[in-house]
Number of protein chains: 2
Amino acid sequence: MDGSIRGKVIDISVCISKDTPVYPGDPKPEIEKIASIQKDGFAVSRITFGSHTGTHIDAPSHVIEDGKTIDQLKLDNLIGSAVVLDFSEKGEAIGGNDLDVAHKRFGNTVSSTILLVKTRDSGEGRYTTFSDPPIDRTVYLDKSAAEWIIKNGFKVVGIDNLSVDAQSQTVVHRLLLGKGVLIVEYLDLHVVEEGIYFFACLPLKTVGCDGSPARSILIMDS
Amino acid sequence: MDGSIRGKVIDISVCISKDTPVYPGDPKPEIEKIASIQKDGFAVSRITFGSHTGTHIDAPSHVIEDGKTIDQLKLDNLIGSAVVLDFSEKGEAIGGNDLDVAHKRFGNTVSSTILLVKTRDSGEGRYTTFSDPPIDRTVYLDKSAAEWIIKNGFKVVGIDNLSVDAQSQTVVHRLLLGKGVLIVEYLDLHVVEEGIYFFACLPLKTVGCDGSPARSILIMDS
(Lines give C-alpha, C1' and ligand atoms only; values in the text may rest on other atoms or scores of the structure.)
Protein backbone atom coordinates (compact mmCIF):
# COMPACT_ATOMS: atom_id res chain seq x y z
CA MET A 1 0.00 0.00 0.00
CA ASP A 2 3.08 2.20 0.42
CA GLY A 3 2.85 5.13 -1.95
CA SER A 4 0.05 3.74 -4.10
CA ILE A 5 -1.66 7.14 -4.14
CA ARG A 6 0.60 9.61 -5.91
CA GLY A 7 -1.15 12.56 -7.39
CA LYS A 8 -2.34 16.08 -6.86
CA VAL A 9 -4.68 16.43 -3.90
CA ILE A 10 -7.63 18.74 -4.65
CA ASP A 11 -9.46 20.03 -1.60
CA ILE A 12 -13.17 20.07 -2.48
CA SER A 13 -14.40 21.30 0.91
CA VAL A 14 -15.75 24.76 1.69
CA CYS A 15 -14.43 26.77 4.63
CA ILE A 16 -16.30 26.82 7.91
CA SER A 17 -16.54 30.25 9.54
CA LYS A 18 -19.25 32.52 10.92
CA ASP A 19 -19.87 33.61 7.31
CA THR A 20 -20.49 30.13 5.88
CA PRO A 21 -24.00 30.04 4.37
CA VAL A 22 -26.29 27.50 6.01
CA TYR A 23 -29.60 25.92 5.12
CA PRO A 24 -32.48 28.12 6.29
CA GLY A 25 -33.09 27.48 10.00
CA ASP A 26 -29.78 25.73 10.68
CA PRO A 27 -27.43 27.17 13.35
CA LYS A 28 -24.88 29.72 12.20
CA PRO A 29 -21.30 28.51 12.83
CA GLU A 30 -19.42 30.12 15.70
CA ILE A 31 -15.69 29.94 16.42
CA GLU A 32 -14.49 31.51 19.66
CA LYS A 33 -10.94 31.62 21.01
CA ILE A 34 -10.95 30.43 24.62
CA ALA A 35 -7.20 30.09 25.31
CA SER A 36 -4.24 31.98 23.84
CA ILE A 37 -0.52 31.41 23.50
CA GLN A 38 0.18 34.72 25.23
CA LYS A 39 -2.00 34.01 28.28
CA ASP A 40 -2.07 30.22 28.47
CA GLY A 41 0.90 28.98 26.45
CA PHE A 42 -1.36 27.40 23.82
CA ALA A 43 -4.38 28.40 21.76
CA VAL A 44 -7.72 26.58 21.94
CA SER A 45 -11.05 27.45 20.29
CA ARG A 46 -14.65 26.52 20.92
CA ILE A 47 -16.49 25.54 17.73
CA THR A 48 -20.28 25.40 17.38
CA PHE A 49 -22.18 24.45 14.24
CA GLY A 50 -25.07 22.45 12.89
CA SER A 51 -24.59 18.85 11.80
CA HIS A 52 -25.16 19.91 8.14
CA THR A 53 -22.67 22.78 8.03
CA GLY A 54 -20.20 23.39 5.22
CA THR A 55 -19.23 20.34 3.19
CA HIS A 56 -21.09 17.59 5.03
CA ILE A 57 -22.53 14.09 4.87
CA ASP A 58 -26.19 13.31 5.49
CA ALA A 59 -26.61 10.11 7.47
CA PRO A 60 -29.78 8.05 6.84
CA SER A 61 -31.11 9.21 10.24
CA HIS A 62 -31.39 12.74 8.77
CA VAL A 63 -34.72 11.75 7.15
CA ILE A 64 -35.28 8.04 7.93
CA GLU A 65 -36.71 7.02 11.31
CA ASP A 66 -34.26 4.59 12.97
CA GLY A 67 -31.84 5.14 10.08
CA LYS A 68 -28.11 4.79 10.63
CA THR A 69 -26.40 7.70 12.38
CA ILE A 70 -23.18 9.25 11.11
CA ASP A 71 -20.93 7.33 13.57
CA GLN A 72 -22.46 4.03 12.40
CA LEU A 73 -21.46 4.47 8.76
CA LYS A 74 -18.77 2.23 7.32
CA LEU A 75 -16.15 4.46 5.74
CA ASP A 76 -15.36 2.06 2.87
CA ASN A 77 -18.04 3.54 0.61
CA LEU A 78 -16.72 7.06 1.22
CA ILE A 79 -13.25 6.24 -0.09
CA GLY A 80 -12.65 5.15 -3.67
CA SER A 81 -13.20 5.92 -7.30
CA ALA A 82 -15.58 8.78 -8.13
CA VAL A 83 -16.96 10.06 -11.41
CA VAL A 84 -17.52 13.82 -11.65
CA LEU A 85 -20.24 14.83 -14.14
CA ASP A 86 -20.38 18.47 -15.25
CA PHE A 87 -23.83 20.09 -15.48
CA SER A 88 -22.55 23.67 -15.38
CA GLU A 89 -24.65 24.51 -18.42
CA LYS A 90 -27.87 23.17 -16.98
CA GLY A 91 -30.47 25.11 -14.97
CA GLU A 92 -33.01 23.90 -12.43
CA ALA A 93 -33.70 20.18 -12.13
CA ILE A 94 -31.24 17.49 -13.19
CA GLY A 95 -33.11 14.30 -14.09
CA GLY A 96 -32.27 10.65 -14.57
CA ASN A 97 -31.97 11.09 -18.32
CA ASP A 98 -29.47 13.94 -17.87
CA LEU A 99 -27.33 11.73 -15.63
CA ASP A 100 -27.58 8.84 -18.09
CA VAL A 101 -26.47 10.92 -21.07
CA ALA A 102 -23.58 12.48 -19.14
CA HIS A 103 -22.44 9.16 -17.70
CA LYS A 104 -22.44 7.56 -21.16
CA ARG A 105 -19.70 10.01 -22.16
CA PHE A 106 -17.42 7.63 -20.24
CA GLY A 107 -18.59 4.60 -22.18
CA ASN A 108 -18.79 1.38 -20.23
CA THR A 109 -15.42 1.78 -18.59
CA VAL A 110 -16.58 3.39 -15.34
CA SER A 111 -17.03 1.27 -12.27
CA SER A 112 -17.09 4.17 -9.81
CA THR A 113 -19.71 3.85 -7.09
CA ILE A 114 -19.38 7.52 -6.12
CA LEU A 115 -21.12 10.14 -8.26
CA LEU A 116 -20.31 13.85 -7.95
CA VAL A 117 -22.59 16.36 -9.65
CA LYS A 118 -21.04 19.69 -10.60
CA THR A 119 -23.62 22.41 -11.24
CA ARG A 120 -23.41 26.03 -12.28
CA ASP A 121 -23.48 26.86 -8.56
CA SER A 122 -19.80 25.92 -8.49
CA GLY A 123 -19.20 28.76 -10.94
CA GLU A 124 -16.52 31.26 -10.03
CA GLY A 125 -16.10 29.73 -6.60
CA ARG A 126 -19.43 31.13 -5.53
CA TYR A 127 -21.91 28.97 -3.68
CA THR A 128 -25.63 29.10 -3.72
CA THR A 129 -27.53 29.98 -0.67
CA PHE A 130 -31.25 29.62 -1.01
CA SER A 131 -31.69 33.36 -0.99
CA ASP A 132 -28.78 34.29 -3.27
CA PRO A 133 -29.33 33.47 -6.07
CA PRO A 134 -33.08 33.03 -5.68
CA ILE A 135 -34.48 29.57 -5.26
CA ASP A 136 -35.84 29.43 -8.80
CA ARG A 137 -32.26 29.46 -10.08
CA THR A 138 -30.97 26.74 -7.76
CA VAL A 139 -29.98 23.49 -9.43
CA TYR A 140 -31.08 20.23 -7.80
CA LEU A 141 -31.73 16.54 -8.48
CA ASP A 142 -35.28 15.36 -9.17
CA LYS A 143 -36.94 12.07 -8.32
CA SER A 144 -35.93 10.45 -11.62
CA ALA A 145 -32.28 11.31 -10.87
CA ALA A 146 -32.53 9.58 -7.49
CA GLU A 147 -34.03 6.52 -9.15
CA TRP A 148 -31.25 6.45 -11.79
CA ILE A 149 -28.58 6.71 -9.06
CA ILE A 150 -30.10 3.81 -7.12
CA LYS A 151 -30.63 1.67 -10.24
CA ASN A 152 -27.01 2.16 -11.28
CA GLY A 153 -25.63 1.00 -7.96
CA PHE A 154 -24.02 4.19 -6.69
CA LYS A 155 -23.25 4.22 -2.98
CA VAL A 156 -22.58 7.94 -2.60
CA VAL A 157 -23.83 11.03 -4.42
CA GLY A 158 -22.29 14.46 -3.90
CA ILE A 159 -23.34 17.92 -5.09
CA ASP A 160 -21.97 21.45 -4.80
CA ASN A 161 -25.29 22.83 -3.59
CA LEU A 162 -26.63 23.13 -0.05
CA SER A 163 -29.12 20.37 -0.85
CA VAL A 164 -29.65 17.63 -3.43
CA ASP A 165 -33.34 18.45 -3.20
CA ALA A 166 -35.28 21.51 -4.33
CA GLN A 167 -35.83 23.89 -1.42
CA SER A 168 -38.09 22.59 1.34
CA GLN A 169 -38.24 19.19 -0.34
CA THR A 170 -36.87 15.93 1.05
CA VAL A 171 -38.11 13.46 -1.55
CA VAL A 172 -34.66 12.86 -3.09
CA HIS A 173 -33.11 12.61 0.38
CA ARG A 174 -35.67 10.01 1.41
CA LEU A 175 -35.29 7.96 -1.77
CA LEU A 176 -31.48 7.90 -1.63
CA LEU A 177 -30.95 7.55 2.12
CA GLY A 178 -33.77 5.02 2.29
CA LYS A 179 -31.68 2.82 0.01
CA GLY A 180 -28.47 3.54 1.94
CA VAL A 181 -27.02 5.88 -0.71
CA LEU A 182 -25.09 8.51 1.24
CA ILE A 183 -25.41 12.19 0.34
CA VAL A 184 -22.55 14.71 0.38
CA GLU A 185 -23.63 18.35 0.08
CA TYR A 186 -21.95 21.72 -0.39
CA LEU A 187 -18.81 20.47 -2.11
CA ASP A 188 -16.51 22.99 -3.78
CA LEU A 189 -16.12 21.66 -7.32
CA HIS A 190 -15.30 24.89 -9.09
CA VAL A 191 -11.78 23.83 -10.16
CA VAL A 192 -12.75 20.22 -10.89
CA GLU A 193 -13.20 19.00 -14.46
CA GLU A 194 -15.46 16.15 -15.49
CA GLY A 195 -13.55 12.89 -15.08
CA ILE A 196 -12.59 10.00 -12.83
CA TYR A 197 -10.76 10.65 -9.56
CA PHE A 198 -9.82 9.01 -6.30
CA PHE A 199 -12.22 10.42 -3.69
CA ALA A 200 -12.27 10.50 0.09
CA CYS A 201 -14.78 12.20 2.35
CA LEU A 202 -14.37 11.70 6.08
CA PRO A 203 -17.06 12.88 8.51
CA LEU A 204 -16.51 13.32 12.23
CA LYS A 205 -17.51 10.36 14.39
CA THR A 206 -20.16 12.28 16.33
CA VAL A 207 -22.24 9.75 18.22
CA GLY A 208 -25.93 9.56 17.31
CA CYS A 209 -25.77 12.45 14.84
CA ASP A 210 -27.87 12.79 11.69
CA GLY A 211 -24.90 14.15 9.73
CA SER A 212 -21.53 15.79 10.13
CA PRO A 213 -19.22 18.27 8.46
CA ALA A 214 -16.66 16.27 6.49
CA ARG A 215 -13.39 17.13 4.80
CA SER A 216 -13.46 15.93 1.24
CA ILE A 217 -10.69 15.55 -1.33
CA LEU A 218 -10.06 14.30 -4.82
CA ILE A 219 -6.76 12.94 -6.04
CA MET A 220 -5.97 13.00 -9.74
CA ASP A 221 -3.11 11.36 -11.58
CA SER A 222 -0.22 13.77 -11.59
CA MET B 1 -6.22 6.50 -10.06
CA ASP B 2 -9.35 4.37 -10.39
CA GLY B 3 -9.27 1.65 -7.78
CA SER B 4 -5.66 2.08 -6.77
CA ILE B 5 -6.60 1.79 -3.11
CA ARG B 6 -8.06 -1.63 -2.44
CA GLY B 7 -7.81 -2.83 1.08
CA LYS B 8 -9.41 -2.97 4.47
CA VAL B 9 -10.22 0.45 5.90
CA ILE B 10 -9.40 0.71 9.61
CA ASP B 11 -11.07 3.58 11.42
CA ILE B 12 -8.51 4.94 13.92
CA SER B 13 -10.68 7.78 15.23
CA VAL B 14 -12.32 7.92 18.66
CA CYS B 15 -16.02 8.74 19.02
CA ILE B 16 -17.12 12.27 19.87
CA SER B 17 -19.91 12.46 22.45
CA LYS B 18 -20.57 14.21 25.74
CA ASP B 19 -18.53 11.44 27.38
CA THR B 20 -15.38 11.87 25.27
CA PRO B 21 -12.46 12.67 27.62
CA VAL B 22 -10.88 16.05 26.94
CA TYR B 23 -7.63 17.71 27.94
CA PRO B 24 -8.04 19.45 31.32
CA GLY B 25 -9.69 22.84 30.80
CA ASP B 26 -10.98 22.13 27.28
CA PRO B 27 -14.73 22.39 26.60
CA LYS B 28 -16.79 19.24 27.02
CA PRO B 29 -18.47 18.18 23.76
CA GLU B 30 -22.21 18.80 23.47
CA ILE B 31 -24.58 17.35 20.88
CA GLU B 32 -28.15 18.63 20.94
CA LYS B 33 -31.01 17.67 18.62
CA ILE B 34 -32.64 20.84 17.29
CA ALA B 35 -34.93 19.43 14.58
CA SER B 36 -36.62 16.05 14.29
CA ILE B 37 -38.13 13.93 11.53
CA GLN B 38 -41.42 13.74 13.42
CA LYS B 39 -41.80 17.50 13.91
CA ASP B 40 -39.79 18.99 11.04
CA GLY B 41 -39.46 16.25 8.44
CA PHE B 42 -35.68 16.01 8.97
CA ALA B 43 -33.28 15.75 11.90
CA VAL B 44 -30.56 18.35 12.61
CA SER B 45 -28.20 18.61 15.57
CA ARG B 46 -26.13 21.39 17.09
CA ILE B 47 -22.57 20.30 17.87
CA THR B 48 -20.21 22.14 20.22
CA PHE B 49 -16.65 21.13 21.06
CA GLY B 50 -13.13 22.37 21.54
CA SER B 51 -10.73 22.51 18.62
CA HIS B 52 -8.67 19.67 20.21
CA THR B 53 -11.53 17.22 20.83
CA GLY B 54 -11.41 13.52 20.02
CA THR B 55 -8.96 12.48 17.33
CA HIS B 56 -7.63 15.84 16.19
CA ILE B 57 -4.83 17.71 14.46
CA ASP B 58 -2.81 20.47 16.12
CA ALA B 59 -2.09 23.31 13.71
CA PRO B 60 1.16 25.26 14.23
CA SER B 61 -0.92 28.19 15.59
CA HIS B 62 -1.75 26.02 18.61
CA VAL B 63 1.61 26.94 20.16
CA ILE B 64 3.46 29.12 17.60
CA GLU B 65 2.66 32.85 17.33
CA ASP B 66 1.59 33.59 13.73
CA GLY B 67 1.82 29.87 12.94
CA LYS B 68 -0.37 28.37 10.25
CA THR B 69 -3.99 27.77 11.18
CA ILE B 70 -5.80 24.49 10.45
CA ASP B 71 -7.52 25.80 7.29
CA GLN B 72 -4.14 26.88 5.88
CA LEU B 73 -2.60 23.40 5.99
CA LYS B 74 -1.94 21.59 2.75
CA LEU B 75 -3.56 18.19 2.95
CA ASP B 76 -0.85 16.38 0.95
CA ASN B 77 1.23 15.62 4.04
CA LEU B 78 -1.80 14.15 5.82
CA ILE B 79 -2.41 11.54 3.13
CA GLY B 80 0.14 8.85 2.33
CA SER B 81 2.34 6.12 3.69
CA ALA B 82 2.58 5.81 7.48
CA VAL B 83 4.72 3.64 9.71
CA VAL B 84 3.12 2.47 12.96
CA LEU B 85 5.62 1.72 15.75
CA ASP B 86 4.41 -0.29 18.74
CA PHE B 87 5.55 0.86 22.19
CA SER B 88 2.82 -0.97 24.09
CA GLU B 89 5.46 -2.44 26.42
CA LYS B 90 7.03 0.89 27.29
CA GLY B 91 6.08 3.19 30.16
CA GLU B 92 6.51 6.91 30.58
CA ALA B 93 8.74 8.80 28.16
CA ILE B 94 9.55 7.57 24.66
CA GLY B 95 12.88 8.99 23.51
CA GLY B 96 14.73 9.41 20.22
CA ASN B 97 16.71 6.23 20.81
CA ASP B 98 13.52 4.25 21.34
CA LEU B 99 12.13 5.52 18.05
CA ASP B 100 15.42 4.79 16.29
CA VAL B 101 15.58 1.18 17.50
CA ALA B 102 11.93 0.53 16.64
CA HIS B 103 12.19 2.15 13.22
CA LYS B 104 15.27 0.06 12.37
CA ARG B 105 13.08 -3.05 12.63
CA PHE B 106 11.92 -2.02 9.15
CA GLY B 107 15.47 -1.80 7.79
CA ASN B 108 16.09 0.91 5.25
CA THR B 109 13.00 0.16 3.23
CA VAL B 110 10.68 2.71 4.83
CA SER B 111 10.11 6.03 3.14
CA SER B 112 6.99 6.93 5.12
CA THR B 113 6.86 10.56 6.23
CA ILE B 114 4.07 9.87 8.70
CA LEU B 115 4.93 8.29 12.05
CA LEU B 116 2.26 6.80 14.33
CA VAL B 117 3.20 5.91 17.89
CA LYS B 118 1.15 3.20 19.55
CA THR B 119 1.47 3.17 23.34
CA ARG B 120 0.03 1.03 26.10
CA ASP B 121 -2.74 3.62 26.35
CA SER B 122 -4.29 1.97 23.27
CA GLY B 123 -4.59 -1.19 25.35
CA GLU B 124 -8.01 -2.79 25.52
CA GLY B 125 -9.58 0.10 23.67
CA ARG B 126 -9.19 2.29 26.73
CA TYR B 127 -7.84 5.79 26.40
CA THR B 128 -5.88 7.79 28.85
CA THR B 129 -7.33 10.82 30.42
CA PHE B 130 -4.88 12.73 32.54
CA SER B 131 -6.69 11.66 35.67
CA ASP B 132 -7.34 8.02 34.78
CA PRO B 133 -4.82 6.46 34.78
CA PRO B 134 -2.80 8.95 36.81
CA ILE B 135 -0.38 11.22 35.02
CA ASP B 136 2.67 9.27 36.19
CA ARG B 137 1.52 6.37 34.07
CA THR B 138 0.87 8.39 30.92
CA VAL B 139 3.17 7.69 28.01
CA TYR B 140 4.53 10.66 26.04
CA LEU B 141 7.33 11.76 23.71
CA ASP B 142 10.34 13.56 25.14
CA LYS B 143 12.51 16.26 23.60
CA SER B 144 14.94 13.76 22.08
CA ALA B 145 12.02 12.03 20.34
CA ALA B 146 10.95 15.32 18.77
CA GLU B 147 14.50 15.93 17.59
CA TRP B 148 14.71 12.42 16.08
CA ILE B 149 11.37 12.95 14.26
CA ILE B 150 12.56 16.25 12.79
CA LYS B 151 16.00 14.90 11.84
CA ASN B 152 14.44 11.95 10.04
CA GLY B 153 12.20 14.12 7.90
CA PHE B 154 8.78 13.11 9.18
CA LYS B 155 5.96 15.53 8.28
CA VAL B 156 3.33 14.16 10.66
CA VAL B 157 3.47 12.40 14.01
CA GLY B 158 0.42 10.78 15.59
CA ILE B 159 -0.14 9.25 19.03
CA ASP B 160 -3.00 7.52 20.83
CA ASN B 161 -2.73 9.78 23.85
CA LEU B 162 -4.44 13.11 24.52
CA SER B 163 -1.06 14.83 24.10
CA VAL B 164 2.37 14.07 22.63
CA ASP B 165 3.80 16.00 25.59
CA ALA B 166 3.90 15.17 29.27
CA GLN B 167 1.03 16.85 31.10
CA SER B 168 1.21 20.65 31.26
CA GLN B 169 4.24 20.62 28.93
CA THR B 170 4.38 22.06 25.43
CA VAL B 171 8.08 21.59 24.61
CA VAL B 172 7.51 18.73 22.13
CA HIS B 173 4.59 20.61 20.58
CA ARG B 174 6.76 23.69 20.10
CA LEU B 175 9.69 21.76 18.64
CA LEU B 176 7.56 19.80 16.17
CA LEU B 177 5.07 22.48 15.13
CA GLY B 178 7.90 25.04 14.98
CA LYS B 179 9.41 22.90 12.22
CA GLY B 180 6.04 22.36 10.51
CA VAL B 181 5.67 18.75 11.70
CA LEU B 182 1.93 18.28 12.25
CA ILE B 183 0.66 16.50 15.36
CA VAL B 184 -2.30 14.10 15.47
CA GLU B 185 -3.51 13.21 18.96
CA TYR B 186 -5.98 10.78 20.52
CA LEU B 187 -5.90 8.17 17.76
CA ASP B 188 -7.46 4.77 18.42
CA LEU B 189 -4.69 2.31 17.56
CA HIS B 190 -5.79 -0.60 19.71
CA VAL B 191 -6.42 -2.97 16.79
CA VAL B 192 -3.46 -1.77 14.73
CA GLU B 193 -0.28 -3.82 14.49
CA GLU B 194 3.17 -2.39 13.87
CA GLY B 195 3.65 -2.00 10.13
CA ILE B 196 3.28 0.17 7.05
CA TYR B 197 -0.15 1.44 6.01
CA PHE B 198 -1.83 3.96 3.78
CA PHE B 199 -2.97 6.79 6.08
CA ALA B 200 -5.40 9.68 5.73
CA CYS B 201 -6.38 12.20 8.38
CA LEU B 202 -8.72 15.00 7.30
CA PRO B 203 -9.45 17.91 9.65
CA LEU B 204 -12.36 20.30 9.20
CA LYS B 205 -11.56 23.51 7.34
CA THR B 206 -12.41 25.79 10.26
CA VAL B 207 -11.09 29.24 9.44
CA GLY B 208 -8.42 30.64 11.75
CA CYS B 209 -8.51 27.67 14.13
CA ASP B 210 -5.55 26.29 16.09
CA GLY B 211 -6.65 22.71 15.45
CA SER B 212 -9.64 20.61 14.53
CA PRO B 213 -11.20 17.21 15.14
CA ALA B 214 -10.23 15.00 12.21
CA ARG B 215 -11.41 11.63 10.98
CA SER B 216 -8.45 9.34 10.51
CA ILE B 217 -8.12 6.01 8.76
CA LEU B 218 -5.55 3.42 7.81
CA ILE B 219 -5.82 1.15 4.81
CA MET B 220 -3.95 -2.13 4.77
CA ASP B 221 -3.44 -4.52 1.91
CA SER B 222 -6.30 -6.98 1.92
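Within every chain, numbering begins at 1; the chains are lettered A, B, ... in the order of the sequence lines, protein sequences first and strands thereafter. These numbers come from a predicted model, not from an experiment. Just so it is clear, the values below take in all heavy atoms, side chains as well, and ignore hydrogens, waters and symmetry mates.
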- Note on the structure: So CD1 of B:Ile47 and OG1 of A:Thr206: to nearest 0.5 Å the spacing works out to 4.5 Å
- Determine which pairs satisfy salt bridge (charged side-chain N to carboxylate O under 4.0 Å, His left out) with at least one residue from residues 61-75 of chain A, sequence neighbours left out, and list them in order. none
- Task: Might you point out which heavy atoms bring A:Val63 and B:Ile37 nearest each other, and give the distance in Å?
- Result: C-CD1, 3.4 Å
- Measure A:His62 against the heavy atoms of chain B and call it side chain, backbone, both or neither at under 4.5 Å. both
- Query: What part of A:Pro203 is in contact with chain B, defined as an atom under 4.5 angstrom from a non-hydrogen atom: side chain, backbone, both or neither?
  - Reply: both
- Item | Rounded distance (nearest 0.5 Å) linking atom CG of B:Asp165 with atom CZ of A:Phe42 | 11.0 Å
- Task: State the CG-CG distance between A:Leu204 and B:Leu204, to the nearest 0.5 angstrom.
- Result: 4.5 Å
- Looking at B:Ser13, B:Ala59, B:Ser51, B:Pro27, which makes the most heavy-atom pairs under 4.5 Å with chain A? B:Ser51
- Message: For the interface with chain B, which of A:Asp76, A:Thr48, A:Ile31 has the highest count of heavy-atom pairs at distances below 4.5 Å?
- Response: A:Thr48
- Item | Under 4.5 Å from a heavy atom of chain B, the part of A:Ile64 involved | backbone
- Task: Please name all residues satisfying side-chain contact (heavy atoms from CB on, under 4.5 Å) with B:Ile217, sequence neighbours left out, ordered by chain then number.
- Result: A:Leu75, A:Ile79, A:Leu202, B:Val9, B:Ala200, B:Ile219
- Any salt bridge (charged side-chain N to carboxylate O under 4.0 Å, His left out) pairs touching residues 22-36 of chain A, not counting sequence neighbours? A:Glu32-A:Arg46
- Task: Identify which part of A:Thr170 has an atom lying under 4.5 Å from any heavy atom of chain B, answering side chain, backbone, both or neither.
- Result: side chain
- Working to the nearest 0.5 Å, report the span between CZ of B:Phe49 and OG of A:Ser45. 11.0 Å
- Message: As an exercise, state the distance from NZ of A:Lys205 to OG1 of B:Thr55, rounded to the nearest 0.5 Å.
- Response: 7.5 Å
- Query: In residues 207-214 of chain A, which residues are in contact with chain B at a heavy-atom separation under 4.5 Å?
  - Reply: A:Val207, A:Gly208, A:Cys209, A:Asp210, A:Pro213, A:Ala214
